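This report refers to the structure that appears directly beneath it.
Each chain gets a letter, A, B and so on, in the order its sequence line appears, and its residues count up from 1. It should be emphasised that the depicted structure is a prediction, and the values quoted were computed from it without experimental measurement.
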Number of protein chains: 2
Amino acid sequence: MAKTEGRADYSFDEFNIVLAGRFDGLSKQLKKIARFILDNPVDTALDTAAEIANRLEVQPSSLIRFAQALDFEGFSEIQKIFRANLVQQLPGYSANYSDRIQKLKEGASEGAEGAHPILNVFMEANRDALTSLQSEVSVARLDEAINTIKAAKNIYILGQRRSFPVASYLYYMMRNLDIRAFLLDGVGGNLSEQARLIGDGDVLVVATFPNYADEVIGVAQQARDAGAKVIAMTDKLVSPIVKLSDTYFLTDKVTVSGFRTVTGTMCLAQALAIGLGLDSNQISRT
Amino acid sequence: MAKTEGRADYSFDEFNIVLAGRFDGLSKQLKKIARFILDNPVDTALDTAAEIANRLEVQPSSLIRFAQALDFEGFSEIQKIFRANLVQQLPGYSANYSDRIQKLKEGASEGAEGAHPILNVFMEANRDALTSLQSEVSVARLDEAINTIKAAKNIYILGQRRSFPVASYLYYMMRNLDIRAFLLDGVGGNLSEQARLIGDGDVLVVATFPNYADEVIGVAQQARDAGAKVIAMTDKLVSPIVKLSDTYFLTDKVTVSGFRTVTGTMCLAQALAIGLGLDSNQISRT
DNA sequence: GCGCATCAGGAATATATATTCCGGTGGGGA
DNA sequence: TCCCCACCGGAATATATATTCCTGATGCGC
């Protein structure tokens, strides 16, 4: 890695500047290549040199020549630049929040934004979590969940460890909306005893995230066996809770320094509670 | 190219479903790989198998085995799926309307924004709460709070009702960072008994919002009298907790349908915890 | 119109990367 | 406790891919 790396790790912008400067001096074919590359940044980033050459009706070696004409060692280096650029353009691209914090730790801190750098990272992470919520929660699912809860005889809420704040918040909101809900808080190690209450026609709203506490999964299974519906909030499809659930929501994939955001799930909980409260009583929407 | 192509050109969603179905049957290491892949879709798409294996501390061959356990021919096929998914996520990626229409059919009846209207309202509210946090929390204050906590003999955390989720989350994070903190949860009506632990040189981190529960204010007063420092999270300057505190933060002024957001306070709690954890140890946790 | 310089094509080669295969290991059942 | 089987690590191999190099072609100046 400490060798002559051509002009590796140039930024995308720098690449463009260099290219613009030399464009006129390029041969006809090389100009053609340059245009294609600029017009198809995604393909340039992802395809193999051979494929690109093929689409251009040009030999792969010409791509290499092109790269070398710009003082790169090979075409691969150009691809690296384009890939990096691609990743940056990803929505809610979060450049590994943990890495960023790590960097902050190493000193290079300049609070350009006016707020504390650590706070900034979390603000971004939480905002991203909210943004992705938009695409991840479908209207139908949410309505489905609301109707399931509305139709239930009893409502139970469960979340442990990381998910406990969410569960307790949902419980708090429901109670304030005069919705009769029960929080399975597991106080005194009585979780499974509490869970034994769950019966036919009830609903269990459960939040669980890696590493998916066994006792939580157990309770969900128990609820299901007892004939209750299960509404799950978790992070991904392979979560063990998904297959135990009637309706599930995926949120808060985002983590910072090993800590998952809770914002998405919180927001979802708010929407659930208010959605429930809306027709059952007065609540004036803002 | 017309050979048996495994299950090439599966969609990302299909991949997730297949994986979800087989996840339980996978070996320990294969599960580890599955989790990594799902948690790092970008790296999975772009890095070489060797690099991914390296980061996982696993042999490349295990990645192949993983792919084959899912009936793919090799790891490359999985990467193809992830790459395709990556491209789709690109902003302004307009192609594939059919996919979107498909999703709309499956998911929503109308959904102009793609999300449920209620959810949208909360998403905006939470985003606003985060945004205002930026201007409300000064770097100096946050550092001051972090230093106060760092210097404390014992750390106590308090929040009731609406603020309880925040308190329990802060507690959860600190404990996971090996920071010795105590949550005053008031279980069994023992709040004031719990609070009697607070003594000279300790710190109390307290969150309270209208209508500022008396017992919470009482505990804060008690803590102060006992010689402890008080760090407060509340909504406005006239909050009764402000004058009892050594350091205070104002967040979550926003309310929707009578419910105050918690996002700002949550975010602040995250920043506090990580800020504390940063120099005390090695951030890296699940 | 001739010769030189530049350029592109394509096969040959080098390199990177994925995949296979085998032997050792550890955990679970008899 | 022993044996068997599933699993993993690692070297060996196969494959894909990038890069080089040589050759022939093309255009331009003289």
Side-chain angles (χ1 to χ4, degrees), chain A residues 1-10 15 22-37 40 43-84, chain B residues 1-9 15 19 22-37 40 43-84:
Chain A
M1 270 289 171
K3 281 179 67 182
T4 46
E5 289 252 320
R7 52 180 7 145
D9 77 336
Y10 255 43
F15 171 82
R22 305 216 185 170
F23 188 83
D24 290 334
L26 261 34
S27 80
K28 205 173 149 194
Q29 197 181 44
L30 261 36
K31 277 180 187 160
K32 182 177 162 192
I33 292 174
R35 272 190 285 265
F36 179 89
I37 281 182
N40 303 284
D43 300 300
T44 304
L46 264 20
D47 287 352
T48 65
E51 258 173 291
I52 294 169
N54 193 36
R55 284 177 54 188
L56 266 162
E57 294 179 328
V58 148
Q59 289 299 317
S61 50
S62 296
L63 294 182
I64 313 290
R65 268 196 294 273
F66 169 75
Q68 289 173 342
L70 263 41
D71 293 348
F72 291 96
E73 297 218 323
F75 188 67
S76 310
E77 280 187 16
I78 291 183
Q79 281 194 305
K80 266 191 208 126
I81 292 176
F82 274 73
R83 284 195 183 184
Chain B
M1 270 293 169
K3 282 178 65 182
T4 47
E5 288 253 320
R7 51 184 4 149
D9 76 337
F15 170 81
L19 180 53
R22 305 218 185 170
F23 188 82
D24 290 334
L26 261 34
S27 79
K28 205 172 149 195
Q29 196 181 46
L30 260 36
K31 277 182 188 157
K32 181 176 161 193
I33 293 173
R35 273 189 283 267
F36 179 89
I37 282 182
N40 303 283
D43 300 304
T44 305
L46 265 18
D47 287 353
T48 65
E51 256 172 292
I52 295 170
N54 193 39
R55 282 177 54 188
L56 266 161
E57 293 180 330
V58 149
Q59 289 298 317
S61 50
S62 296
L63 294 183
I64 313 290
R65 269 195 292 270
F66 169 76
Q68 289 173 343
L70 263 41
D71 293 347
F72 291 96
E73 296 218 323
F75 188 67
S76 311
E77 282 188 14
I78 291 183
Q79 282 192 305
K80 268 190 206 128
I81 293 176
F82 274 73
R83 285 195 183 182

Ion pair B/Arg55/B/Asp43, N-O distance below 4.0 Å: yes
Check B/Ile64 against B/Phe75 and note the closest heavy-atom contact, atom names and distance. CD1-CB, 4.1 Å
Contacts under 3.5 Å, N or O only, protein and nucleotides 20-25 of chain D:
{"from": "D/dT20", "atom 1": "OP2", "to": "A/Gln68", "atom 2": "NE2", "distance (Å)": "2.7"}

Output yes when a side-chain donor or acceptor of B/Asn54 lies under 3.5 Å from a complementary backbone atom of B/Ala50, and no otherwise. no
The answer to which of B/Gly25 and B/Gln59 contacts DNA chain D further toward the 5' end, by nearest nucleotide, is B/Gly25
In terms of heavy-atom contacts, B/Lys32 and B/Glu57 come closest through NZ-O, 4.1 Å
Smallest separation among heavy atoms of A/Gln68 and A/Glu73, with atom names: NE2-O, 3.5 Å
Using modelled atom types only, decide if a donor and an acceptor are shared between the side chain of A/Gln79 and the backbone of A/Asp47 within a distance under 3.5 Å. yes
Scan A/Gln29 against the nucleic acid and name what it touches under 4.0 Å (heavy atoms): base, sugar-phosphate only, or nothing. sugar-phosphate
Span of DNA chain C, from the first to the last nucleotide whose atoms fall under 4.0 Å of chain B heavy atoms: C/dT17 to C/dT20
For the pair A/Phe15 and A/Phe72, name the ring-plane relationship: parallel under 30°, tilted 30 to 60°, perpendicular over 60°. tilted
B/Ser62 and B/Gln29: which non-hydrogen atoms are nearest, and at how many Å? OG-OE1, 3.2 Å
Round to the nearest Å and state the distance from B/Glu57 atom CD to D/dC8 atom P. 15 Å
